Amino acid sequence: MSKPPLALSSPMSSLAGIRAPDVKRLEKLGIFTAYDLLLFLPHALDAFGAVGGISGLTPGQPGAMVGVVVSAQARRTPRQGMRLTEAVVEDADGGALKAVWFNQPHLARRFPAGTRLALAGVVAASRFASGLEMRNPRWEVLAATSLMGRASPDFPGHIGSVMPRYRLTAGLTQRKVAALVEQVLPLADQMSETLPPAVRQRRGLISIGDAIRLGHRPSSELDFEMARRRVLFAELFELQVAFLVARRTLAAEEATPIPYRQDVIDAFKLGLKFELTNAQRRAIWQVFLDIQEAVPANRLLNGDVGSGKTVVAAAAMAMAHAAGLQSVMMAPTEILARQHLSSLRMSLEGTFPDLKVDLLVGGLPAAERRRVAMATASGHSAVVVGTHALIEDSIEFARLGLAVVDEQHRFGTRQREMLRRKGHGRPHFMAMTATPIPRSMVLAMYGEMAVSILDEMPAGRKRIATRVLGPEERSQAYQVVREQVAMGRQAFVICPLIEESDTVEFRAATVEYERLRTEVFPDLRLALVHGRVKDKERVMRDFSLGNSDILVATAVVEVGVDIPNASVMMIEGAERFGLAQLHQFRGRVGRGSHPSYCLLLSDEPDSADLDRLQFMVDIDDGFKLAEKDLELRGAGQLIGARQHGVTDSAMEALRNPALLNEARQEAEAVLDGDRLPQALLEAVDRRLAATSIS
Ligand code: ADP
Ligand code: MG
C-alpha cells in the first residue's frame, strides 16, 4: 500500500523510514509537521573544504576524506558503559585514520571491511598509529568495492565543502535530520508568503520557497545567510505584528480604573515589616500608573526567586480594594497558594481591617469551599488566592478588578484567559515569573506586555555557598548533607536531567533514591518525588513539615516552594542543566536564616562544563546567569522560550537588535497601511493563540 502524498500539514510519522522515537525527538525540537521541518533551517554551516586524502588533514581543523574501511568494531567503554564504534579507514596513499562514533553501535554493521566511506569532521590528534582521529564524523557510504581495490576518488554526494548543521536533541543525528528534510523539501513551493511584497522589497528579502531550499541546501555561506535572514525576519515580523495586534485589541477594551491613593500606599508601607527595595518601589509605581487607566493593564513582573514579587502584587491589591474592587491571585500549586495566603494576610489584613483574604484550592472541605465561594460572589472576600480551582464555572466574583497569575509559564493561555473572564469587563492583569529572562529577550518575547523587572534583592540576603564537585568528591557532598541534617536542617537532592523520556528519568531517580536510602544515608529519613508520583503536593507538604530529612526529586518536579528549614541543594549531573535552571534550584535554599549550600556534582566534567558551572560559584544574580546561558548555550535553552511558538533560531535572532528593529518598524508600517496577506493574518492568529491575550 502506498502512503498518501506528503502535504505541509503531514505529521512527521508519515515520512518514510521514520521510527517512533525519532518522532518524539523531533517534537522536542518543536517539529510536528512537514511544515515545521521545512522551517527548521540549519543553525550553522560546517565548512570541511575539498574532499581529499588523509595527508591533507590537519589536527584541530575540519576536513573531509574518502577511504576504505579496514576494520569496524563496536565495544563498550569499561568505565562509563558507553557504546563506541571504532573504524579504521585507509586512503589510496596508505594513510590511515581512526573514526569513532558514540552510542551508534549499529554503525559497525554498516561498515564491513572494504566499504568505501567518505568522512567529514574535525580532525583530532590521537594515540592511534597514524596519529589522526575523527569523533562522530559525518559519513557517507560510496559504492562498495573490495579491500584490494583501493579507494578511488569518486566524489561523495553530500560530504565535504559546506554542510548544514542542525540543532539536535539526544538520539538524533545530522544525517537523520538531513534525510528527513530531503523528503519534505519538494513541498517548499507550497509554503505561503507571509511577508507583504513591499516589505520584501524594502528589506531585500528572498521568497519563502527560495529561502527554504537555499537554507537547507546552501552551496555557499552567502546562500545560507540570505536564507536565514529571510526566515528569521519573517518570524520576528509575524511575532511583532501579533504583539501589536494584541496591544491594540486590549487597548480597545474597558477596565475599571483604580485611582491612586496616597493614604493607601502609606498605610500599606507602614504595615510591612521591612523597607521596600528600590526595584519594588519602581515596580509598584509602574503598576499603579497602569491600573489608573480605563484600559486593562497587562504587565509582567519578572524577578528572581526571593526578589519579593508578592508584595508588589499586594500593594496593587490594596489599591484595588480601596477602589471597591476585588483581586484574585492564581498559583500553580496548593502549597504556593497557601504561602501566598499567609503572606497576603500578613501584609494586608492587619493594615486594612475590612480587607479579607481567602483561599480557594481543590482540597478544601466542602463547607469551607462553599463559604469561600459565597464570600467571593458576595464581595465579602477582597482578595481570593488559589489554584486552578479558581477558574471553575461555579466561582463568581462580585466585582473583580485585578487578576494576578504567579509563575505564569505554568499556566496555559486558556487558563489565564478563564481567570480574566471572571471580571465584569476586563480586570487589570499582572503576571509574575521567577524565570530570569535577559532584558533584551523580555521585550522581544513578551512584546504584548509591559514589563517590570525586580533586579534587586532585599537587603540582608545571605549568599548561598556554591561548590562544584567532581565524581571523586561526592563523599564531600554527602558529608555536607549529613552535617546539616545533624543540625536539624533538610536537603534536596536533584537527579540528573535525562532527555530520553520521563520513564527513564523516573526509573533512574527511583534507583538513586534506593541507593541513597539503603547505602549512603540508611539512618536518615528520605522521600522521593518525581513526575509519576500521584500526590506530589502531599510529599512536598510532608517535607515542608519536616517529616523527612532529604527530598530526592527529578528535574521535572518543580520544587517551587518556600521551605525555610532546607539548607542544602545538591544537584547531580549539574552539567546537563542550564545556568538559569541551576539558579532556580539554588533559590530553593537559603530562605530561612540558616547558612545554606548549593553543591553541583558533575559526572563527566570536561573543562567547558567546569568553566560553565564555575559561573554559578561566582555569580548570584539570576539575570546575569541567564545572560551567560544565552551566550553559552543559545536562546532556545531559555525557559518559556517556546511559549510563543518561537523557534530556536528566532530566539537567537531576537538577540540581533538590528533585525528585530527592522521587523518592528515593518510591523508598525503594515498595520497602519492597507491589506495584509492572508498567510500573515493566519500566522498572526496562530501566534496570538499562544500569547496571553486573544
Ligand atoms: P518571590 O519574588 O520569589 O515571589 P516573595 O515575594 O515570596 O519572593 O518574597 C520572598 C521573601 O522576602 C518573603 O518572605 C518576603 O516577605 C520577603 N521580602 C519581600 N520584600 C522584602 C524586602 N523589601 N525586604 C525584606 N524582605 C522582603
Ligand atoms: Mg513567588
Side-chain angles (χ1 to χ4, degrees), residues 265 268-287 299-318 327-351 357 359 383 385-387 403-411 430-437 442 451-464 540 544 558-567 569 580-581 583-594 596 620-623 625-626 639-640:
I265 185 67
F268 178 76
K269 283 202 239 170
L270 262 180
L272 293 177
K273 284 180 298 186
F274 46 75
E275 286 282 304
L276 292 171
T277 64
N278 285 325
Q280 284 170 324
R281 269 181 240 275
R282 198 166 50 233
I284 289 173
W285 181 242
Q286 289 167 335
V287 174
R299 183 167 288 274
L300 178 71
L301 187 56
N302 188 195
D304 213 336
V305 175
S307 60
K309 293 181 287 293
T310 319
V311 74
V312 176
M317 291 171 164
S327 303
V328 64
M329 182 187 276
M330 183 162 72
T333 67
E334 186 169 332
I335 302 181
L336 276 175
R338 285 182 187 277
Q339 276 172 13
H340 286 313
L341 176 74
S342 73
S343 76
L344 291 175
R345 282 199 165 145
M346 207 132 68
S347 58
L348 293 172
E349 283 190 348
T351 310
V357 186
L359 177 76
V383 174
V385 190
T387 54
V404 182
V405 170
D406 191 22
E407 301 297 340
Q408 69 116 25
H409 65 280
R410 298 276 305 272
F411 293 98
M430 231 173 111
M432 305 199 285
T433 173
T435 306
I437 302 165
V442 163
V451 179
S452 296
I453 295 184
L454 294 186
D455 53 2
E456 185 186 351
M457 284 290 178
R461 279 291 145 78
K462 280 196 244 7
R463 293 201 55 179
I464 295 161
M540 295 301 297
S544 74
E558 280 199 50
V559 282
V561 285
D562 207 350
I563 299 179
N565 191 48
S567 65
M569 171 55 70
Q581 205 178 354
H583 180 71
Q584 295 267 314
F585 286 130
R586 178 164 67 182
R588 303 304 162 210
V589 296
R591 301 200 140 204
S593 51
H594 316 291
S596 297
D620 291 327
D621 180 332
F623 287 97
L625 287 168
I639 314 170

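We count residues from 1, following the sequence as given. Since we're looking at a predicted model, the values are computed, not measured. For ligands, and for the atoms within them, numbers begin at 1 and follow the listed sequence.
From Arg282, atom CZ reaches atom CD of Glu456 across 7.0 Å, with rounding to the nearest 0.5 Å. Here CZ of Phe623 is found 7.5 Å from CG of Leu454. Values are rounded to the nearest 0.5 Å.
For ligand 1, the atoms lying closer than 4.0 Å to a non-hydrogen atom of Leu276 are 23 (N). Per-residue contacts place Thr310 under 4.0 angstrom from the following atoms of ligand 1 (heavy atoms of the residue considered): 4 (O), 5 (P), 6 (O), 7 (O). Every atom of ligand 1 is numbered from 1 in the order shown, and the set under 4.0 Å from a heavy atom of Glu275 is 22 (C), 23 (N), 24 (N). Proximity to Pro458 (heavy-atom distance under 4.0 Å) selects the following atoms of ligand 1: 20 (N), 21 (C), 22 (C), 24 (N), 25 (C), 26 (N), 27 (C). Close approach of ligand 1 to Val305 (heavy-atom distance below 4.0 Å) involves ligand atoms 3 (O). Less than 4.0 angstrom separates some heavy atom of Thr277 from each of these atoms of ligand 1: 23 (N).
Within the 4.5 Å cutoff, the side chain of Lys309 has no heavy atoms near those of the Val312 side chain. Between Asp406 and Met330 the shortest side-chain heavy-atom distance does not fall below 4.5 Å. Counting heavy atoms from C-beta outward, Lys273 and Met346 have side chains that approach closer than 4.5 Å. In this structure the side chain of Ile464 reaches within 4.5 angstrom of the side chain of Val589, judged on heavy atoms.
Taking atom 2 (O) of ligand 1 as the reference point, the nearest protein heavy-atom neighbour is Lys309 NZ, 2.7 Å. Among all protein heavy atoms, the one lying closest to atom 20 (N) of ligand 1 is Gln280 NE2, 2.9 Å. Nearest to atom 17 (C) of ligand 1 among the protein's heavy atoms is Arg461 NH2, 3.8 Å. Atom 9 (O) of ligand 1 has as its closest protein heavy atom Gly308 CA, 3.6 Å. The protein heavy atom nearest to atom 16 (O) of ligand 1 is Phe274 CE2, 3.5 Å. Among all non-hydrogen protein atoms, the one lying nearest atom 3 (O) of ligand 1 is Gly306 N, 2.6 Å.
Using a 4.0 Å cut-off between heavy atoms, Asp304 contacts ligand 1 through its backbone alone, with no side-chain atom that close.
Heavy-atom minimum distance, Pro458 versus Thr277: CA-CG2, 3.6 Å. Nearest heavy-atom pair across Gly308 and Gln280 is O-NE2, 2.9 Å.
Put simply, atom 13 (C) of ligand 1 has no protein non-hydrogen atoms near it, under 4.0 Å away.
Not a single donor-acceptor pair under 3.5 Å links the side chain of Glu407 to the backbone N or O of Thr433. Ser342 contributes no side-chain N or O that, together with a main-chain N or O of His340, makes up a donor-acceptor pair within less than 3.5 Å.
Not a single heavy atom of Ser343 sits less than 4.0 Å from an atom of ligand 1.
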